Each structure stands twice: as C-alpha cells, then as structure tokens.
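Heads up, the thing below is written out as structure tokens.
As the structure is a prediction and not an experimental result, all values here were calculated from the model.
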Amino acid sequence: MRLVEKAQILDEKGMARALTRIAHEIIEKNRGTDDLVLIGIRRRGVPIAVRLAERIQRIEGTSVPVGFLDITLYRDDLTKLDYHPVLYKTQVDFPVTDKIVVLVDDVLYTGRTTRAAMDAIMDLGRPKVIQMAVMVDRGHRELPIRADYVGKNVPTSTREVVSVEINEIDGQDRIVILDRIGQNE
Amino acid sequence: MSIKHLLGLQHLSVNTITQILDTAGPMKQIISRNLKKVPTLRGKAVATVFYEPSTRTRMSFELAAKYLSADTVGLAAASSSVVKGETLIDTARTVAAMGADVIVLRHPMAGAAELMTRYTDVHIVNAGDGMHEHPTQALLDMFTILELKNTISGLKVAILGDILHSRVARSNLWGLTKLGAEVHVAGPPTLLPVGLQQLGAHVHDCPEAALEGADVVIALRLQLERQRQGLIPSLREYTRLYGLNAERLALARDDAVVLHPGPMNRGVEITADVADGSRSLIAEQVTNGVAVRMACLYLLTVGDGGREDIN
C-alpha cells in the first residue's frame, strides 16, 4: 500500500488565516482569556497550540499558558497494536482545575484521540470546561464528540488520509488529502 | 524493537535498552502526579513470584503494575506450595493457568527465569536470578545516571565491593559497556570472579584505582548472608580497605554521583555521610526503579502483535 497525494486543501496562507480566525473565536466564545489554557496533543497539536497562543497574545495582549499532552497511555487500541508507539513527555506545568482548557489537535477523525485526551486531562485535575480546536474536521466520528473550533471541514472517505503538515515538524505549512493505493484496505 | 521477556542485559540490544530508558521518563511523570494512575494495562495481571526475600524490588514491581492499572498478585515462596515441594515449572504453569500475563520472578538459581520461559506462554521478567542478572536494577541505575549526566557514553563508572555475588554488578557491566561507559570494578580478590576482563571490565584490587576520576560510583551491598565461607577476614577490615567513605570519594570527579542498589549496610560498604550526602542518588534510585519497571511492563505487554522472541 502506498499514499498518493490527491489534493491540497489549504496552503500556508490559508492555514494562517484559519488559525487567526480560531484565535478570535476562542477569545470571543470565552469572553476574553481569563482562566484560559491551551493544551496541544502530541505531536502536531503542539506547534498549532503554540501558534494559537501567539495569536491570542497579539490580539488580547495577554499570555495564555500552553501545555503539551501525550495521550499514548490512554489509547483504547493499545492491546491491538503490533508496535510500540513512542512515548513523549506530557508537559502541563500549570493546574488545570477550574480552567477553560482548549485541546488542540491537527485532525479530528474518529474522536478516539479526543476521548483519550479528555481522560488524560481529567487525571491532571478538574477543568471548568474542555473545548476542542482542530485544523481539520474530516468526519467519520465513532464517539459522540465534536470540535468547538474548526480550521476547515473536509468531507473525506475512510480510504483517504488527511495530512496536516506543520513547518516545525514537516518543513512546510499545508494540508493535503492523500489516497491509499493498493490492497491493504 | 519487541521482546517477549526481560531476562537480562547481556543479550539485549542497545536499541531495546535505549527504548526502555526513553520510556521511563514519561512514566516517572506519572509517579509525581496527584493521581498516580493511567489506564494503560487495565485488564492485565502481573504476578510477582519471589523465592528470595525482597522488599523494594517486589514493592517496586507491584506499584509499577498498579500505577499502570494492572492487577497484581504476589507469591512468597516461604508461605506457598513451594514448601510442599512444588517445582518451579509447576508453579509457573499454575500461575499462568490463573491468567497472569506477566510473571516477575526472583530465584536463588541462575537461569531460573529463562527456564520458566520454556514452559509457559506468559511474559517473564527476571527480578534477580542467583548471581546472574538483575536487569531492572541495572536499567534503573542507568536511567538515574542519564538523568544527571545526560549520557552514559564515555563515563567512567566504578563498581565497588562484593562483585562475586552481585547480579547487579553483572547486569550493570553488560548494560553500561553496551552504552559506551568505561566500567572499573574493585573489591577484595576473593570477591572478584575470574573472567571479568573478558566481559569488558577494568579490574582493580584496590578501590582507589577504580575511583580515580570516576563520574559514577556504585557501591554494592556486602552480601552478609553469603559470607559464611570466610571470603573476607572481618567486616572491620573490609570496611577499612574497601568501604566507600568521604576520603575515598574525594578521588572521584567533583561532580561524581553515588549509587547503591540497596538495602545498605550502613557503616560497612558505605559510610552514612556518603550515603546521605549531596552526591548520593540513592533515594532517587528508588523512585526511578518504579518508573523503569513501569516502562518494562508497558513495553513487554503492549504492542506484542509483531514481536520477535529475542530473549
């Protein structure tokens, strides 16, 4: 099986605009930045959370705490895996209790990662509310979960892969749809 | 990497050792949280089967399993069917038949853990087999060194004391040399087994030579229970000639750290001021032991769909 690029959904500028809009929406919905914290889900949620915090800082002049979350130990498919997912450190150096926690990830798909992330957050404390911000919502939810802030809604088939490329990790900013070619599906 | 059992460091690849050490870092974070539990090993059962007395290793494994949400059960040979004559293999089969996913075994005979792997299908973790290996102790020592020194490669590590009876020394020797450390051992000639050079150690019969410029000093417990054969003239002489004290430690580098696998004979192989001094990482080792064992249990039981049996 191999992956073939099918279409580009957003370029660098499009991603930047979407992030700016999400930053405004987060401030608007929460009427400012009081009690607001951002927590990026490793790996690509991390640079996205950092960028959102930069934008919020620019707009409101307040700095919002940013944390990073590794959800591996909370996955529901660990017993089915035939490899070891690399464990990264969780870095949430502030209390989450009574905070407005905005989870940040690149793609919302089945909702299982979000479920794991919510459990991981709850083990750190008791937030006032948990919200979700994603670059792409591609549908196909397997759990009753939705995002509060979405960069772009992209209807997909399950055969496709949505790849959010981030400069800090991938060397460029863009979002593409890939197609699986071959038998393994 | 993927291994089914953790029997020792002698046959473990550098990649696997590194993976365990890398995984222990995130695990240590969990121990320091308010809520010390993750759901990772929910529904798994870990049995600790100990044919020798132990407090810290056994508690450490049980807490590691519990922090990962596995169920634990313990078998102490002294109060079990072992005293009725049940063989090691039958005990292993019995524990496996009850549904244990992992057996953590401590046994006075070298190779006991390896023997168990041949008769059951569960994961076996060697928690000390005779004078052979104690892999998780060496891994936690390496993790503790890494936390402070950021690397193991190029360090001079001095291991002092009763090398002959020490499985900790053997596991550390294999593990540390694999990761590029220079290991120096020193002790009374009667407690230095032959063949250590072939395993990659620099052997000295006075501790001063091993300590000179060392980055890490590992003091070993004098195994009093194994000293009946008259291998040392007296405890006092042992302490005077081979014990780790402040004066000897001054030969090591200024930033040298001190480890001890515990339990300590204070005043015998290590003086109290060194054990409790600013360079001592002995308390940290205990915390790290839980983290390293969490990493081992996690790596053994998760993602074994595609494993190859290395050990």
field: Portion of Lys37(B) that has a non-hydrogen atom of chain A nearer than 4.5 angstrom
entry: backbone

- prompt: After noting the C-alpha distance and the side-chain angles of Met27(B) and Leu87(A), does the key distance pass the side chain to side chain contact (heavy atoms under 4.5 Å, CB included) rule?
  reply: CA-CA 9 Å; Met27(B) 292 299 183; Leu87(A) 222 55; 3.8 Å; yes

- request: First locate atom NZ of Lys89(A), then atom CG of Asp22(B), and finally report the distance between them rounded to the nearest 0.5 Å.
  value: 10.0 Å

- prompt: Near Lys178(B) NZ, under 6.0 Å, is it more than 12 heavy atoms from other residues, nucleotides or ligands?
  reply: yes

query: How long is the span from the CD atom in Gln29(B) to the CG atom in Leu73(A), to the nearest 0.5 Å?
result: 10.0 Å

- prompt: Relative to chain A, which segment of Leu41(B) carries a heavy atom at a distance below 4.5 Å: side chain, backbone, both, or neither?
  reply: neither

message: Around atom CZ of Arg126(A), are there more than 12 heavy atoms from other residues, nucleotides or ligands closer than 6.0 Å?
response: no

task: Using a 4.5 Å cut-off on heavy atoms from C-beta on, say whether the side chain of Pro39(B) contacts that of Tyr74(A).
output: yes

task: Could you pull out the closest heavy-atom pair between Leu78(A) and Thr40(B), with the gap in Å?
output: CD1-CG2, 3.2 Å

message: Within the supplied structure, the quantity of interest is the number of heavy atoms (other residues, nucleotides, ligands) at a distance under 6.0 Å from Glu28(A) CD; does it exceed 12?
response: no

- prompt: Would one find more than 12 heavy atoms of other residues, nucleotides or ligands at under 6.0 Å from atom CG of Asn34(B)?
  reply: no

